[in-house]
Undergrad: 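Mind having a look at this structure? Questions to follow.
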Amino acid sequence: MSKLIVGCGYLGMRVAKLSRDAGEKVHVITRGEERAREFAAQGLHPLVANILDKQSLANLPLVDTVLFAVGYDRTSKAAIEDVYNFGLANVIEALPAGTGRVIYISTTGVYGPAGGDLVDEATFPAPQRAGGRASHLAELTLAEHRLGQHSVILRLAGIYGPHRIPYIDKLRAGAPLAVPSDGWLNLIHVDDAAAIVLASEKWAVANPKIDGPEIFCVSDGQPVVRGDYYREIARLIGAAQPQFVAPEPDTPAAERARSDKRISNRKLMNNFEVKLRYPSYREGLAAILNAAE
């Protein structure tokens, strides 16, 4: 097997290392020469390119699987729609004939407000935020491409893991949190997310005649009330119980609260050969915070 990873960041890098350790040849796209040297030193095969520059994508390698896991750099001058949608379109148009499949990392942000109801792959997308809208446009772009029928879309819940626990510094300082204390939070540990990416690839190889792209919601299947999540972090670090204040209207925290929903991972668990290492936020937070001590 061979792989091209577009977006070798928090999630993509973990997938790259797992694939490399399994004996695969792993190509990664990066925009900078220095980062390319770092990737090469880790046994990866870097390509210096920019997904918004079609000419720079002229010599993409022939691979079995392309993982598109691009995150949005908020310091970028490019619009999020351009990065997610046109970036994906540029990559898939540049891929050589014979490319096996694309795994596109999307978001459960493609779903709209659900009033706390259960959401799954059959729920109609109605994104409310820019990231969700851009991700849904990219999904549609993949679906319209010839590669789409062999591909997989993974709609990920909130990724957490080492160095990615929100508001932990405020909790340590006893500062109030400008986040809602109610509403559901859906999560997946980054290590489980990486394992699920590889499991989805294995599933796609075993099901070559799917009329895709096939969609899977990715979460640990254990939604948690927001306040309980932050209270558990406080307990694990020995901090005082958090105090919550209402976020300012039209801030990301307020927008996330309005999308109150519970994500089902039933389809994923019924189809993929994967066992979650962290079946809920409790095990995941404990492992992260105990290791940090």
Side-chain angles (χ1 to χ4, degrees), residues 1-9 11-33 35-36 39-40 42-71 78 81-106 134-156 194 196-216 271-272:
M1 296 286 286
S2 56
K3 192 174 273 92
L4 169 64
I5 297 181
V6 188
C8 201
L11 172 61
M13 190 62 191
R14 284 169 168 79
V15 176
K17 290 179 177 178
L18 290 171
S19 300
R20 176 204 62 193
D21 293 348
E24 292 186 34
K25 186 173 185 179
V26 181
H27 304 269
V28 297
I29 287 180
T30 181
R31 289 178 294 173
E33 294 286 352
R35 189 71 171 134
F39 285 137
Q42 296 181 70
L44 305 175
H45 299 267
L47 304 165
V48 177
N50 184 333
I51 62 173
L52 296 180
D53 178 2
K54 293 182 180 180
Q55 291 185 339
S56 72
L57 300 169
N59 297 303
L60 297 184
L62 177 62
V63 295
D64 298 296
T65 299
V66 177
L67 172 65
F68 193 94
V70 172
E81 292 86 356
D82 292 344
V83 174
Y84 285 6
N85 185 34
F86 296 133
L88 175 64
N90 289 342
V91 169
I92 58 180
E93 283 299 325
L95 292 171
T99 299
R101 68 200 58 83
V102 174
I103 299 173
Y104 175 66
I105 301 300
S106 186
S135 294
H136 190 229
L137 283 173
E139 290 184 5
L140 295 175
T141 294
L142 178 58
E144 292 170 357
H145 192 269
R146 56 182 169 76
L147 273 171
Q149 67 184 94
H150 306 297
S151 297
V152 173
I153 292 171
L154 300 178
R155 291 175 174 168
L156 267 68
I196 287 167
V197 169
L198 297 182
S200 74
E201 178 184 35
K202 186 175 181 180
W203 178 88
V205 170
N207 294 273
K209 295 183 179 181
I210 61 171
D211 186 16
E214 194 75 19
I215 297 172
F216 295 89
N271 283 276
F272 293 172

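The chain is numbered in sequence order, starting from 1.
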Undergrad: Hey, are the side chains of Ile196 and Leu198 touching, using non-hydrogen atoms and a 4.5 Å cut-off?
TA: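 Of all side-chain heavy-atom pairs linking Leu198 with Ile196, none is under 4.5 Å.
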
Undergrad: Can you tell me how far OH of Tyr104 sits from CZ of Arg155, rounded to the nearest 0.5 angstrom?
TA: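 Interatomic distance, Arg155 CZ to Tyr104 OH, rounded to 0.5 Å: 10.5 Å.
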
Undergrad: Could you tell me whether a side-chain N or O of Thr99 sits under 3.5 Å from a main-chain N or O of Leu62, the two making a donor and an acceptor?
TA: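 Such a contact is absent between Thr99 side chain and Leu62 backbone.
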
Undergrad: Can you list the steps and then say if Ile210 with Gln149 is a side chain to side chain contact (heavy atoms under 4.5 Å, CB included)?
TA: CA-CA 6 Å; Ile210 61 171; Gln149 67 184 94; over 6 Å; no

Undergrad: Could you give me the CA-CA distance, side-chain angles and deciding distance for Thr65 and Val205, then say whether side chain to side chain contact (heavy atoms under 4.5 Å, CB included) is met?
TA: CA-CA 10 Å; Thr65 299; Val205 170; 5.6 Å; no

Undergrad: CG of Asp21: more than 12 outside heavy atoms within 6.0 angstrom?
TA: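 Enclosed.
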
Undergrad: Using the six-membered ring wherever Trp is involved, compare the ring planes of Trp203 and Phe216 and label them parallel, tilted or perpendicular (cut-offs 30° and 60°).
TA: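 Aromatic pair Trp203/Phe216 classed perpendicular.
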
Undergrad: Locate the shortest heavy-atom distance separating Glu139 from Ser106; write the atom from each residue and the value.
TA: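 Heavy-atom minimum between the residues: OE2-OG, 2.6 Å.
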
Undergrad: Mind listing the closest non-hydrogen atom pair of Val28 and Leu4 along with its distance?
TA: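 Residues Val28 and Leu4, closest heavy atoms: N-CD1, 4.4 Å.
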
Undergrad: Side-chain contact test, heavy atoms from C-beta onward, threshold under 4.5 Å: evaluate it for Val48 versus Glu33 and give yes or no.
TA: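 Counting from C-beta outward, Val48 and Glu33 do come under 4.5 Å.
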
Undergrad: Using every non-hydrogen atom in the two residues, find where Arg35 and Cys8 come nearest and quote the distance to one decimal.
TA: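 It is NH2-O, 3.9 Å.
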
Undergrad: Would you mind reporting whether Gln42 and Met13 have side-chain heavy atoms less than 4.5 Å apart?
TA: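 A side-chain contact exists here, since the closest heavy-atom pair is under 4.5 Å.
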
Undergrad: Please give me the minimum heavy-atom distance between Thr141 and Ala89, naming the atom from each residue.
TA: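 Answer, listing the atom of Thr141 first, then Ala89: CG2-CB, 3.9 Å.
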
Undergrad: Given side chains that start at C-beta, do those of Glu93 and His145 come closer than 4.5 Å, heavy atoms only?
TA: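 Answer yes - side chains close enough.
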
Undergrad: Would a 4.5 Å heavy-atom cut-off, applied to side chains only, mark Leu88 and Leu142 as touching?
TA: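 Yes, close enough: below the 4.5 Å cut-off.
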
Undergrad: Closest heavy-atom contact between Ala194 and Leu11?
TA: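 Shortest heavy-atom contact: N-CD1, 3.6 Å.
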
Undergrad: With heavy-atom distances below 4.5 Å as the criterion, would you say the side chains of Ile92 and Phe68 are in contact?
TA: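 Answer no - side chains too far apart.
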
Undergrad: Nearest 0.5 Å please: distance from the CZ atom of Arg31 over to the CG atom of Leu52.
TA: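 One finds 8.5 Å between CZ of Arg31 and CG of Leu52.
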
Undergrad: As an exercise, state the distance from CD1 of Ile103 to CG of Leu67, rounded to the nearest 0.5 Å.
TA: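 Between Ile103 CD1 and Leu67 CG, I get 6.0 Å after rounding to 0.5 Å.
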
Undergrad: Around Phe272, counting heavy atoms of other residues, nucleotides and ligands shown, do more than 12 lie under 6.0 Å from its CZ?
TA: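 Yes - once you tally the heavy atoms of other residues, nucleotides and ligands closer than 6.0 Å, there are more than 12.
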
Undergrad: If every non-hydrogen atom of Ala49 is compared with every non-hydrogen atom of Leu57, which pair is closest and at what distance?
TA: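 Answer, listing the atom of Ala49 first, then Leu57: CB-CD2, 3.9 Å.
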
Undergrad: Val26 vs Ile5, test: side chain to side chain contact (heavy atoms under 4.5 Å, CB included). Steps then yes/no.
TA: CA-CA 7 Å; Val26 181; Ile5 297 181; 4.0 Å; yes

Undergrad: Within this structure, what is the CG-OG distance for the pair Asn85 and Ser135, rounded to the nearest 0.5 Å?
TA: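 Answer for the CG-OG pair, Asn85 versus Ser135, is 9.5 Å.
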
Undergrad: To the nearest 0.5 Å, tell me how far Asn90 CG sits from Leu60 CG.
TA: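 Result: 10.5 Å between the selected atoms.
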
Undergrad: Find the distance between OG (Ser200) and CG (Asn207) and round it off to the nearest 0.5 Å.
TA: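 Here the interatomic distance stands at 11.5 Å.
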
Undergrad: Quick one: are Met1 and Glu201 in side-chain contact, heavy atoms under 4.5 Å?
TA: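 Side chain of Met1 against side chain of Glu201, heavy atoms only: contact under 4.5 Å found.
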
Undergrad: Decide yes or no for Arg20 and Lys3: does some side-chain heavy atom of the first lie under 4.5 Å from some side-chain heavy atom of the second?
TA: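 With C-beta onward as the side chain, the pair stays apart.
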
Undergrad: Just checking, is any N or O donor in the side chain of Ser151 or Arg101 under 3.5 Å from an acceptor N or O on the other one?
TA: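 Absent: no donor and acceptor within the cut-off.
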
